[in-house]
Structures are given as structure tokens and as C-alpha cells.
Amino acid sequence: MMTLRNLIDHLELVPLTKNIDMNTSFFNAYASDLLSNALAVIDPNTLWITVQVHGNILGVGSIKQCPAIIISEGSIPSQEVIDKANEKDIQLLASQLPTFELSGLLYALLKEEQCG
Amino acid sequence: MGNVVIKTLKYSIGASSYDTVGSKAMQVKKALRDYFPSKDYMRRLGVCVFEAEANMAIHTTSGGELSIVIYTNRVKVVAVDSGPGIRDIDKALTPGFTTAPEMALQLGFGGGVGLNNIKRFADCFWLESTKCGTTLIFEVWNDDIT
Ligand SMILES: Nc1ncnc2c1ncn2[C@@H]1O[C@H](COP(=O)(O)OP(=O)(O)OP(=O)(O)O)[C@@H](O)[C@H]1O
Ligand SMILES: [Mg+2]
């Protein structure tokens with residue numbers, strides 16, 4: 001189990017929404033910019049990493065009760081999307097890192113956490 | 001007991017209404033909260049409804065109608081549109097096959113796995129199509145309630 005607090009500390013993520021619960025826990029993550037792939041895989045224990053910033057990502061996150069969505073590659077959603085995320089209680093975080101690097105770092109953190 | 005209809009919801013989906021894809025799935029989730037408390041069940045149903053509304057928004061010439069029939073133990077979804085139809089259903093069901101327009105691809109639609117997601121998460125799946133339109137019917141059962 002990893003928490004958003006650990007993640008934000010280690011990966012210098014920027015919270016985009018006001019609703020961030022630092023104790024949110026998860027033990028897996030999934031990176032894809034295809035909505036249907038994300039719909040198939042993410043779940044309440046699996047974070048979603050994507051460069052997509054349009055409103056449909058909120059539907060995907062909400063339907064699968066995704067613990068948080070990390071927007072990679074420095075993409076930033078519009079204020080409208082951020083407001084909607086707050087309303088729907090979806091936690092959005094941003095990273096400047098390319099998806100590949102972010103995923104690599106997060107993978108290493110999760111492995112370390114699992115294997116001690 | 002299982003065949004008692006609790007409620008029917010009907011939605012219209014406009015052609016090219018990309019920005020509202022997912023909104024019907026969220027509305028269904030809200031409307032069903034009192035009847036189907038299982039979160040796992042709602043996730044399965046939500047994926048299927050999302051994919052059905054996405055296909056009507058992306059692949060139809062004039063949109064379609066989505067009916068959600070809520071029974072005590074399951075939900076039946078009927079998605080009907082008036083064209084252009086699916087030329088080759090086997091191909092459409094092949095993971096990765098897509099005819100999504102560039103605009104949809106940019107938004108992350110068009111992975112070519114939406115119908116497969118419905119097949120995987122639903123309990124019954126029925127798809128028929130001619131040039132006059134497509135009818136997709138599926139049911140998602142809540143096995144906790146019999
Ligand atoms: N209602 C429809 N009318 C016409 N064609 C359709 C309809 N639904 C699906 N199709 C066809 O079937 C193909 C496969 O659909 P599917 O939902 O599996 O993938 P997709 O919509 O292309 O991509 P994804 O769902 O992964 O975003 C579509 O690209 C399209 O050619
Ligand atoms: Mg689709």
C-alpha cells in the first residue's frame with residue numbers, strides 16, 4: 001500500500017484539485033491515453049496516468065472509482081475540468097515528467113514498498 | 001421476482017457529442033444507487049454504459065437512443081441508432097479495429113476495444129446491424145440479488 005502523501009513527496013507531483021486526501025491509498029497504477037483501456041483496467045486501488053486533460057477523463061475516473069488521476073508531460077486541464085473534478089470528488093495531480101519516466105519512477109517506488 | 005421492472009430511464013445521445021460521453025453513465029450510477037449498493041456491480045455497469053454512449057456519439061450519423069431498464073436483480077441496456085451501421089460485425093469485435101475519426105482519436109477514443117469491454121463486463125451481449133442502423137443490447141446481472 002502506498003499513499004498519495006508518499007507519492008507527492010517522492011515524485012514532486014502538483015495537486016490540481018482542492019480535494020486531495022493525502023491518506024488515499026493504492027497499490028497499483030496504469031498508464032494509457034486510451035479511455036477504453038483505462039476503463040478496462042483502473043479500479044479503486046489503481047491510479048491512472050494519462051496526458052488526456054478533457055472532461056471525459058472524469059467520467060472514466062468516477063465510473064471506476066479511481067483513487068487519483070495523474071496528468072503527465074506537463075499537460076494542464078482547463079479550470080472548468082478542474083472545477084468539475086472537485087465537484088465529482090476526483091483527485092487530479094500533475095507531473096512535468098513524460099509518462100515513461102513517471103511510470104518508471106512510480107513502478108520502482110511500488111516495488112520497493114512491496115519488497116521492503 | 002427478478003423480472004419485475006423497477007424503473008426505465010431513457011436518454012438521447014447526439015452525434016459527435018464527444019464532450020458529454022460518460023454523463024449518462026454517471027446519471028445511471030446516481031439513479032441506481034438506492035437499488036444496487038454493490039460498488040463492484042456499479043463499476044461493471046458503468047463501463048458498459050460509457051462504451052455504449054461513446055459509440056453512439058462517435059460512430060453514428062444522427063445519434064441514438066439509450067434505454068436503461070432496471071429490474072430487481074439486473075439492468076438491461078438497449079442502444080439503438082439509425083446508421084450508418086456496422087459493415088462487418090466480426091471485424092468490429094476484433095480488439096484494435098476502429099473507424100473513429102481523427103477528432104475522436106485525439107481525445108483518446110478509438111482504441112477499438114469498447115465493444116470488447118462491454119462483452120467482458122456484461123452478462124449477455126447482443127449486437128445486430130444493417131445500413132439502417134445498429135441495435136446493441138446487453139444485461140449486467142447483480143448476482144448478490146436473485
Ligand atoms: N453504433 C455504431 N454504429 C456504427 N459503427 C459502430 C457502432 N458501434 C461500433 N461501431 C464500429 O465498430 C468499431 C469498434 O467499436 P469499439 O467500441 O469496439 O471500438 P472504438 O469505438 O472504435 O474504440 P474505443 O471504444 O476503444 O474507444 C468502431 O470503430 C466502429 O467502426
Ligand atoms: Mg467504442
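Heavy-atom basis, side chains included; hydrogens, waters and symmetry copies ignored.
A continuous path of ILVMFWY side-chain contacts below 4.5 Å connects B:Tyr18 to A:Ile57, so both sit in one hydrophobic cluster. There is a path of hydrophobic side-chain contacts, each under 4.5 Å, that joins B:Phe36 to B:Phe138. In the hydrophobic clustering of this structure, B:Val69 does not group with B:Leu32; members are Ile, Leu, Val, Met, Phe, Trp, Tyr whose side-chain heavy atoms approach within less than 4.5 Å, directly or through other members. Placement of B:Val140 and B:Phe50 in two distinct hydrophobic clusters is found when ILVMFWY residues are connected by side-chain heavy-atom separations under 4.5 Å, directly or transitively. No path of Ile, Leu, Val, Met, Phe, Trp and Tyr side chains, each step under 4.5 Å between heavy atoms, connects B:Val77 with B:Ile137, placing them in separate hydrophobic clusters.
Scanning residues 16-53 of chain A against chain B with a 4.5 Å heavy-atom cutoff picks out A:Asp33, A:Leu34, A:Leu35, A:Ser36, A:Asn37, A:Leu39, A:Ala40, A:Pro44, A:Gln52, ordered by number.
No more than 12 heavy-atom neighbours from other residues, nucleotides or ligands sit within 6.0 angstrom of CD on A:Glu112. Counted within 6.0 Å of CD on B:Gln27, heavy atoms from surrounding residues, nucleotides or ligands total more than 12; the atom is thus considered enclosed. The local environment of CZ in B:Phe97 is crowded, with over 12 non-hydrogen atoms from other residues, nucleotides or ligands closer than 6.0 Å. Within 6.0 Å of CD on A:Gln79 lie more than 12 heavy atoms contributed by other residues, nucleotides or ligands.
The two residues B:Val21 and A:Asn56 make their nearest non-hydrogen contact at O-ND2, 2.9 Å. Between B:Arg43 and A:Lys64, the shortest heavy-atom contact is CD-O, 3.5 Å.
Note on B:Leu107, B:Val113, B:Val47: by heavy-atom pairs under 4.5 Å with chain A, the leading option is B:Leu107. The most heavy-atom pairs under 4.5 Å with chain A, out of B:Ser23, B:Gly22, B:Gly46, come from B:Gly46.
Contacts of B:Phe121 with chain A are made by side-chain atoms alone, with heavy-atom separations under 4.5 Å and no backbone atom involved. For chain A, no part of B:Arg44 is nearby; none of its heavy atoms comes within less than 4.5 Å.
Annotation: the span from B:Met42 atom CE to A:Ser62 atom OG amounts to 10.0 Å, rounded to 0.5 Å.
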Pair B:Asp19-A:His54, side chain to side chain contact (heavy atoms under 4.5 Å, CB included): steps then yes or no
CA-CA 8 Å; B:Asp19 48 328; A:His54 53 79; over 6 Å; no
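Sorted by first then second residue, the side-chain hydrogen bond (donor to acceptor under 3.5 Å, both in side chains) pairs that include residues 90-101 of chain B, not counting sequence neighbours, number zero.
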